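Notes to accompany the following structure.
All values reported here derive from a predicted model rather than from experimental measurement. Heavy-atom basis, side chains included; hydrogens, waters and symmetry copies ignored. Every chain is numbered from 1 and lettered A, B, ... according to where its sequence line falls, protein lines coming before strand lines.
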Amino acid sequence: MLEGFDQVQQRRLKLERIRERGVDPYPARARRSHTASEAIVAFDEAEASGNDAPTVQVSGRLRAIRVMGKSTFAHIEDGSGRIQLYLKRDDLGEEVYDVFKRDIDVGDFIGVEGYLFRTRTGEVTVRVELFELLTKTLHPLPEKWHGLKDIETRYRRRYLDLIASEDVREIFRTRTRIVTAMRTFLDDQGFVEVETPTLQSIYGGAMARPFTTHHNALDMTLFLRISDELYLKRLIVGGFEKVYEICKDFRNEGVSTKHNPEFTQMECYWAYADYSDMMWLTENMVAFIAEQALGSTQFMFQGQMVDVTPPWRRWSLRDAILELAGIDYMDFPTLEALWAEVQRRELHVSPQPTWGKLIEELLGEIVEPTLIQPTFVKDYPIDISPLAKASSDDPQHVERFEIFVGGLESGNAYSELNDPLVQRERFEQQGLGAKAGDDEAHPMDEDYILALMHGMPPTGGLGIGVDRLTMLFTDQTSIREVILFPHMRSED
RNA sequence: GGGCCGCUAGCUCAAUUGGCAGAGCAACUGACUCUUAAUCAGUAGGUCAAAGGUUCGAUUCCUUUGCGGCCCA
């Protein structure tokens, strides 16, 4: 009698029948004595000690129903796992049993009460004496065996992806363990977690294009932060010695397997430390996170064993490019000369607006893919590092490093530039770059310079991309696999 | 920005040298009181991503658009 209707219509008819019996298909609460996994443990313990099988109340989503005439097996799933149910007409009565068969579907949430037993095949099972509908589901779930494979649907309707795939659920649990471990490590090191503005009147702290928005009441342009760096350093000026923030940054650039327009970053600043201290902090933090999130400092990434046990390799950028590209960029001190040499060697890199950016491009294209084991690439050209302090013995370079693991850049750190007059000059240099066509140049920030004029002690700073770190730890090559709701174009 | 590939039932996938659109799971009807991808018999379910073009006829060929994936710059 229901044939010819689509599945949503069929379920709505079932919903009406349920309501007609005076049953609320969306009750406000559920009774639950055990989770699914707790119930199984309780039975195992009772069995081992010779006690009576416990009676339990468990609730969850129906994932499978196997009707065999006057008895039915089913599985429900809650956050802890699955447990089998056994319903018999003789236990429930014909009317109640038929209601289950007719109006309850896979996907519905139900609560059951009954005693536990072990089936002939050995599975701990609830022999159901009472059941209650907790939530009627109107739309069918993805297919039970193949699951949900369409990538677009997986991202747009992540809840279906999570229902269908334990592997996906585990990726996001790992992500949470990573963030929790990161906090634990920093807290234990005496860092103070703070919150700084997402809406900023001048963006800064990174070389990127911002998202722009508008404050109506104040009639002013605001930017979504591309970084929280300059605010965290103001806190160092204010006397905090160790601060960190884990927050979303927003960068108005292309979407790729490595870039989402909003992404999560941890930044921390440590007064009286320098970039060498930040290397120590980084390798110990990542090793701690790996231990906490994965249970080991060694793990597989794309078929290769990665070992994040400290100490990590330290390699100067100049040496790395010399060894892998064959170019000592200091021999080609202008954009034109370096670009000519790059072309002469037929290196596979794209043209850049500045000398430093071209070096960065060489790093990204030629060095980065080779760095599978964790590596600090250090000592960067000064013109791509406007917030970092120059090396005392090499004014062309700054005390800066980036973190590379699994062929992916996942962090950035430096000895912070704290000379306000030099900082102003660096911003002015950036302004020249902007005029020359670099739309990622760092803007002048007088308010930040004013803060530095009040004195920031020598400070080390570090930023780590939480999404990238999660990719590494969960063996994923697309950032969209580690962001619950990645950015997508509108479906319309 | 460019190239290639994809979009067919709720889900996973077929098919068509241009001629009534197919299966498994899910659903519906029936049988079945220890099953677990339950089984068995039957039924229904489609704007073939969208719009335009070519054609007697388009899901198929062409064009444009949308969304997605991969690669490149």
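Atom NZ in A:K149 sits about 17 Å away from atom C1' in B:G68, given to the nearest Å. One atom, CG of A:L138, and another, C1' of B:G10, lie 13 Å apart when rounded to the nearest Å. What separates CG of A:D150 from C1' of B:A49 is a distance of 12 Å, to the nearest Å. Between the CZ atom of A:R11 and the C1' atom of B:G10 there is a distance of 9 Å, given to the nearest Å.
The residue A:R480 sits close only to the backbone: its heavy atoms come under 4.0 Å of sugar-phosphate atoms, none of a base. A:K88 comes within contact range of at least one nucleobase, with a heavy-atom separation under 4.0 Å. Counting non-hydrogen atoms under 4.0 angstrom, A:T257 reaches the backbone sugars and phosphates but no base.
Counting only distance, with no hydrogens or angles, the side chain of A:R225 and the backbone of A:Y203 share no donor-acceptor pair below 3.5 Å. A:N260 contributes a side-chain N or O that, together with a main-chain N or O of A:H487, makes up a donor-acceptor pair within less than 3.5 Å.
Comparing the C1' positions of B:C13 and B:C72 gives a spacing of 30 Å, expressed to the nearest Å.
Contact between A:P25 and A:I18 at its shortest, heavy atoms only, is CB-CG2, 4.2 Å.
Sorted by residue number, the members of residues 106-120 of chain A with any non-hydrogen atom under 4.0 Å from RNA chain B read A:F117, A:T119, A:R120.
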Test ring pair (Phe, Tyr, Trp, His ring centres under 6.0 Å) applied to A:H442 and A:F427, step by step: CA-CA 7 Å; A:H442 199 295; A:F427 283 155; 4.9 Å; yes
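With salt bridges taken as basic N to acidic carboxylate O contacts below 4.0 Å, none links A:K14 and A:D103.
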